[in-house]
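Within every chain, numbering begins at 1; the chains are lettered A, B, ... in the order of the sequence lines, protein sequences first and strands thereafter.
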Amino acid sequence: MVSQQSQFTVLMRFLHWLMAAMVLTMLGIGVAMVASLGDYHLLVSIHRPLGIAILILVVIRYVNRQFSTLPPFPVTMSPRERTIAHLSEILMYALLFVLPLIGWGMLSAARFPIVLYGSLHLPPILPHSVMLYAFLRKTHTVLAYLLFLAFIAHFGAILFHTLVVRDRVFSRMAPWRVDAR
Amino acid sequence: MSAEKQPAPLNSGRALVRAGVIGVILLCIAGGFLYLGGWFSPNALTPARFVDAFERAGGVFAGFRRNHAKGVGVSGYFESNGQGARLSKAVVFRPGRVPVIGRFSFGGGDPHVADAPNMVRGLGVLFRLPDGEEWRTAMVNLPVFPFQTPQDFYDNLVASQPDPKTGKPDPEKMAAFGASHPATVRALGIIQSHAPSSGFDNTAFNSLNAFRFIDAAGGSIPVRWSLAPVEAFARVTAAAQTDKNYMFDTLIASIRQHPLQWHLIVTIGKPEDPTNDATVAWPDGREQVDVGTLTLDHIESEETSSARDINFDPLVLPSGMAPSDDPLLSARSAIYSQSFTRRAGETKTPSAISAAEVGK
């Protein structure tokens, strides 16, 4: 009898942990750069290409997910918990997609060049409008804080399941191989 | 298929302790995040606090720049003569023409201030390179900048805030600032020894900060640049001026008569020349290269010019140019962005140099 798959695929786990590191770095850079004078330019120079890299990866990850079989939730999770977990996944996917797009859009509306590296740059995706920029700039901040809160909730839920409920939720996404018991 | 093996549930006391540990971990992460955002260092200098100081010193005029508020938009082109190509691989230095947008301005936060020749004059220029890159530079007519660091600039803004009683800066605070900032006093001496010209059209504008040019082989040299006017220098006339926009009006009239031109002069620093101190002029005799001519042939009010809504961030540089180690550069970039973001969302009111004024 073929045992049921207990982990996400290697590619899915790789993308998850790669993006986890990138997104945490991004959130840290984002909150630090707006308060920084001396490091502002360096941080912004990392923030822009890192954001675009996250945008590309989240699209790859979403498409890959549609073609993959997902491991089931553990039996310890109630239907309500499963719904919440599912909704939080949708929220994080949406934020990871929308935040870089808003960043790109707000720089477009500010008519600010979207330089990735050297002479490599992206075209504007919105017309020059400072009012639009001001709105998107605020939205970018609000959604970034929301992403941070979503991360805290996600991480807290995993810690709770691993340390208190002591189920195998974490092993589904563990970076190492975990055999089904 | 067997059911998942589940460890025995924790007793409620141990579960509570573990939940507490999780809470502490999450609080530490949130605290680290807020720490990075400067929440625990209320006295650190940030772009927001810097712009607050500009607003206290110069007032808040909704929709206008927090510094260099009074201005007018211009456009034209830069014709490179190819001489800069050996200094920097930037596309702008290949022989040929690139369109530019610019903005002439006076320093200070009041967009309706009366024109006066001794106020700081600014010129922001945006070069649109054919490959979609941009070069933006915000220059002023001072030969050197009065402050070495962002902190010095900020402390001076605070010291020069108008006293609510007299409406003027407190001379004691200004004197105290001078006493503790000899570099500023030296720079002001250099600035005062340079007589300003009669108008915008015959003003030389300087990059002040040093930058680095990178050539095709990857070699890097320290540079500063300036725009040297083709119009001959003329001293300020002593005649009293009654029109508060007279210098802008003269600029409008003269650009209407014929295009105004400046030579873009690149000064190449030697290894011993400071690149991190904008208060110090580089010695005379440094190699200077005339890399091309800036021609401004069109002028319009900020109401219609796109220059109003452009951030002339000095660190928008094309490939082939890079910031130097001057601490002012990153700070300028951060503070311009803060000023831009604040004014972007505010309702715009007509500029002192209105469309009617330009159309006269």
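For a residue to count as touching a neighbouring chain, one of its non-hydrogen atoms must lie under 4.5 Å from one of that chain's; by this rule A/L24 does not touch chain B. Using a 4.5 Å cut-off between heavy atoms, B/A48 makes no contact with chain A at all. Of the atoms belonging to B/E133, heavy atoms from both backbone and side chain fall under 4.5 Å from chain A.
B/S337 has its side chain within reach of A/Y40: a pair of non-hydrogen atoms, C-beta onward, lies under 4.5 Å apart. Under the 4.5 Å side-chain criterion, counting only non-hydrogen atoms from C-beta, A/F148 is in contact with B/I29. Contact check for A/H41 versus B/P323: side-chain heavy atoms found under the 4.5 Å cut-off. Using a 4.5 Å cut-off on side-chain heavy atoms (C-beta onward), B/E346 and A/M131 make no contact.
The main-chain N or O of A/S36 is never found under 3.5 Å from a side-chain atom of B/T46 such that the two would form a donor-acceptor pair. Side chain of A/H128 to main chain of B/D309: a donor-acceptor pair is present (N/O by atom type, distance under 3.5 Å, no hydrogens or angles). No donor-acceptor distance shorter than 3.5 angstrom exists from the side chain of B/S319 to the backbone of A/G118, with no hydrogens or angles considered. Looking at B/R18, its side chain never comes within 3.5 Å of a backbone N or O of A/V164 through a donor-acceptor pair.
Stacking of B/R136 on the aromatic ring of A/F112 is recorded, both the 6.0 Å distance cut-off and the 45° axial limit being met.
Here the two rings, on B/F340 and A/Y133, have centers that are under 6.0 Å apart.
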